[in-house]
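Presented below is the structure to which this report refers.
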Amino acid sequence: MPIVAATKESIAPAAEALVNGEMVAFPTETVYGLGANALDAAAVTKVFACKERPRFNPLIVHVLGLDQAQSYAAVNETARKLAERFWPGPLSLVLPRKRNCAIADLVTAGLNTVALRAPNHPVARALLETAKLPIAAPSANRSGRVSPTTAAHVEAELGELPAMILDGGPCKLGLESTVLGIEGDQVTLLRLGALSRQEIDNVLGRKLALHGGGGKVSSPGQLSIHYAPATPLRLEARTPRGGEAFLAFGPHAPLYAGPMINLSEQGDLSEATNKFFAALRSLDAIGATAIAVMPIPNQGLGEAINDRLQRAAQARLSSPASRFDDARTTAPKRPSEATLDAMVRIVGEDHAIREPAAMAPYLVEWRDRYVGRAALVLKPASAAEVAAILKRANETRTDIVPQGGNTGLVGGQIPFESGHEVVVSLSRMTHVRDIDLNGNTMTVEAGLVLANAQAVAASAGRLFPLSLASEGSCQIGGVLATNAGGTAVLAYGSARDLTLGLEVVLADGRVWNGLKRLRKDNSGYDLKDLFIGSEGTLGIITAAVLRLLPKPAEIVTAFAGLSHLESAAAFFTRAYALAGPMLTAFELLPRIGLDFALKHGADTRDPLHSAHPWYVLFELSSQRDDGEVARLAEMLLSEGIEAKEIDDAVIAASLAQRRELWRLRELMSEVQKHEGGSIKHDVAVPVARMPEFIARANQLVELMIPGARPVPFGHLGDGNIHYNVSQPPSMDRAVFLANWEALNAAVHEIVLDLDGSISAEHGIGRLKRDLLRHAKQPLELEMMRKIKNAFDPYGILNPGKLL
Ligand code: TXA
Ligand code: MG
């Protein structure tokens, strides 16, 4: 049992544990800290691991006072004044690290500043005096949870992980320290805390500004991924609703029969601060539908409480597991050998794979992010075979993972690790069933590779416009199941817009023939639209009627260099106004992406003479071969140069050159593989806010992972950016990739703040499943859930994906 009463006798072994590189949790007057020797990188690593804390988030170092602080940090006049007045106490100062500062780099997450604090708690001080070490100590909770204010809380959070938990009773203040950043005589409030802003203002003789306005994050701890209870919060609630827990404040709190805690009946803010975290923690444990929180005056210490409440309420994007009931009620179990044998017989031994080694290509996502296992891989040849498989699966509750070209980017096509699922690959169903040149449609099977579908259309003198980087391997079924987008969405729409009819095998094995070729069919619910974008969770698409368009007679492709991202948006507006529907692509590339392509892509060259920070690749198409689009393109470029929106440009002079330009764009994702790990985002924001999005996201990346290299590229005309971030060259790949979720969460917050979407074209799959419930309204989720249950009552179709 690691909880030990903090006494003279227990301090010595606790100090010794710290000296030996172990973790000790201890009380401060603010909250309990999880301490480790700040000079010992290995010891500090344990703290990050134990808290599951992202490594970009630095720790506060606890010292006895100014003397000790000065051996690690530059203490200027302003810092001295504040420390003399408030130390020991609930104030942390972020100061420049001294050149020879012995504190481990990991503590400060590689920043050139260090946060120092002299706690005012007899146990913390005794520990510092006895260990004779600076103690790095974050609050002793798991990352993203509320801070502990008693030893029992610490134990509930961290169990036996610390060598000792020193019990010094409940914390007097109950809220973390106030964090101030000091640069010269500039003081910024990085975190509101137990020392009120007014008291600091009094010492400084001026008003402090709260940093982080306008979305700028300057202390990683300001991200709202902190301080989150698992139960959602409903703020500004004057009266609780049934099923809620109620966090009240003041003498006018309404009576409530349900679970309720009043932070202070007298309306005393310091009493409220003191009880705050403990109250949140115990209400969270009840499992209520929400915690309703009464308004708390936003002054003095109330400011810090409101700050924590807001963060907790906004921590929407980071909560771990989905709390929705799944369609399934039982855990997946391994299908019986008899079931597997029967399924193999449906497709024939030659088209079933049972050996794990031979299954491998179907179990690994191309970027290696997901590696699953399966009981079986089946390759049916017809809708009838798919139907027989699903009928059997539905009867035996066998989980099915439909798979196309295995090019998905969100893990929807990869089975989980259980090894109990059956992968159904549509790759053998490649027939073109029909081409209708009068109706301008083609009817193709789900396994047809997209590039082949384009080729079939072209040889019939038509255009199938959908175009993606993975078109050489992705299949129509997958394209439709994910409602894929790509570079032609601007003019022709996404997969949904290009589909007139579907053939789908339902979960129970019945086949829906919806292969209509009508442009107009207003006879009730649009069932095909339900399956498009359903990511294999509602049925298996086996064939589709796709729209064909006239083949353009003339296409002009141009590539322009720009100095500013803002002018890319302006130039797009100009192009669209001038060319309208003839503008058939408008893509954005950053210089770093072009550099990667030139370095790692075979036979690539820089299309322009000098380097530019940004590039756009655009295309104009016309049905007539009369030189009109060439004239338009030239006009557009000269207007753009005149308006200083673009600096330089080239128009492809041949088909070969056109391919070269497009190849640069298509290499964007692939070449990042050669630059180490890459953390991806597929997001959309309103076109006009794209520059703002990229600027804010870049700032965030630099703060969270200094040296990481954003490579934002994508479909500017659709507001769809692939905000990919390559690792800093010298960083360990795994260490970098460990930031994936945290960076996603933070970037997605910016996206939602700008009214965007967390998945523009890749879908939800496995990667974004937990994010969905934060990004969608509860009512939307409820409707989706009902649809899922209606189509797949036993939850056998791609369970654990999308919903
Ligand atoms: O009251 C407290 O401050 C408690 C007790 C244990 O001392 N500690 C605490 O630590 O709350 P923690 O790690 O949970 O929060 C420290 C905050 C984090 O948000 C971190 O990002 C920020 O301080 N911080 C630490 N070093 C920093 C630096 N060099 N620059 C900017 N922010 C920093
Ligand atoms: Mg904390």
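A quick note: this is a predicted structure, and the numbers were derived from the prediction, not measured. Each ligand, and each atom within it, is numbered from 1 in the order the structure gives.
Some N or O of Ser139 is nearer than 3.5 Å to an N or O of ligand 1, by distance alone. Not a single N or O atom of Thr28, backbone or side chain, sits closer than 3.5 Å to an N or O atom of ligand 1. Looking at Glu176 next to ligand 1, no N or O pair under 3.5 Å apart turns up. Looking at ligand 1, you won't find any N or O of Tyr32 less than 3.5 Å from one of its N or O atoms.
Side chains of Arg117 and Thr30: a donor-acceptor N/O pair is present below 3.5 angstrom, by distance only. Counted by atom type alone, Ser726 and Glu675 present zero donor-acceptor pairs between their side chains at under 3.5 Å. Thr231 and Asp284 share a donor-acceptor pair across their side chains, judged by distance under 3.5 Å alone. Using a 3.5 Å distance cut-off with no hydrogens or angles, the side chains of Ser10 and Thr7 do pair a donor with an acceptor.
By the criterion of a heavy-atom distance under 4.0 Å, both the backbone and the side chain of Thr113 are placed next to ligand 1.
Looking only at distances, a side-chain donor or acceptor of Lys275 sits under 3.5 Å from a matching main-chain atom of Asn262.
Here Lys81 does not pair with Glu77 in a salt bridge; the nearest charged N to carboxylate O distance is not below 4.0 Å. Salt bridge annotation for Asp40-Lys46: absent, with no cationic side-chain nitrogen under 4.0 angstrom from a carboxylate oxygen.
If you number the atoms of ligand 1 from 1 as listed, the ones under 4.0 Å from a heavy atom of Arg191 come out as 2 (C), 3 (O), 9 (C), 11 (O), 15 (O), 16 (C), 17 (C). The Arg117 neighbourhood of ligand 1 comprises atoms 1 (O), 2 (C), 5 (C), 7 (O), with distances under 4.0 Å to a heavy atom of that residue. Under a 4.0 Å criterion applied to the non-hydrogen atoms of His62, ligand 1 contributes the atoms 5 (C), 6 (C), 7 (O). Proximity to Thr30 (heavy-atom distance under 4.0 Å) selects the following atoms of ligand 1: 1 (O), 2 (C), 5 (C). Within ligand 1, counting atoms from 1 as listed, the ones closer than 4.0 Å to a heavy atom of Gly33 are 6 (C).
When all heavy atoms of Pro134 and Val63 are compared, the pair lying nearest together is CB-CG1, 4.4 Å.
Within the structure, the closest approach of Val94 to ligand 1 falls below 4.0 Å when heavy atoms are considered.
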